[in-house]
Amino acid sequence: MTLRSRLEQEIDTLEQRITRLNIHEDNFTDWFDAQLFSQDANQPLDYIRELRQNLISLVNATTTSRSQWLSERIAHQLGALHQAVRWAEQGR
């Protein structure tokens, strides 16, 4: 399994957990630093869409510095989302 397919699978799993938990915007308000996710994220699944877009951008990156920046960003975003979803699961 390639790194890309493992990341896609991890993102899919997060999406399923968010959907199953019926997590809404109120559950995520002010959780993420504005530098971690774009300001356009209004719903929890917007974070998933942004992650997917960043993964596509990483695959298509043309410079090493861009690849490194996107890799780090994706890692931070995944970590933050995993933490938020775990918190939501424990709160139920």
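Computed from a predicted model, the values in this text were never measured in an experiment.
- No path of Ile, Leu, Val, Met, Phe, Trp and Tyr side chains, each step under 4.5 Å between heavy atoms, connects Ile56 with Leu3, placing them in separate hydrophobic clusters.
- Between Leu7 and Leu78 the shortest heavy-atom distance is CD2-CD1, 3.7 Å.
- Between Gln9 and Leu14 there is no side-chain heavy-atom pair separated by less than 4.5 Å.
- Residues forming a side-chain hydrogen bond (donor to acceptor under 3.5 Å, both in side chains) with Ser5 (at least two apart in sequence, or on another chain): Thr2.
- Atom CG of Leu21 sits about 11.0 Å away from atom CH2 of Trp87, to the nearest 0.5 Å.
- Note that OG of Ser57 is 14.0 Å distant from CZ of Arg52, once rounded to the nearest 0.5 Å.
- In summary, Arg6 and Glu10 do not engage in a salt bridge, as defined by a charged side-chain N under 4.0 Å from a carboxylate O.
- Between Arg73 and Gln68 there is no side-chain heavy-atom pair separated by less than 4.5 Å.
- In this structure, Met1 is not a member of the same hydrophobic cluster as Leu55, with clusters built from ILVMFWY side-chain heavy atoms closer than 4.5 Å.
- Looking at every heavy atom in both residues, Ser67 comes nearest to Leu58 through O-CD1, 3.4 Å.
- In this structure, the side chains of Leu81 and Phe37 come closer than 4.5 Å at one or more pairs of heavy atoms.
- For the pair Glu15 and Arg49, the minimum side-chain heavy-atom distance is 4.5 Å or more.
- Contact of the His82 side chain with the Arg17 side chain is registered, since non-hydrogen atoms from C-beta on lie closer than 4.5 Å.
- Leu51 and Gln77 get closest at one heavy-atom pair: CD2-OE1, 3.6 Å.
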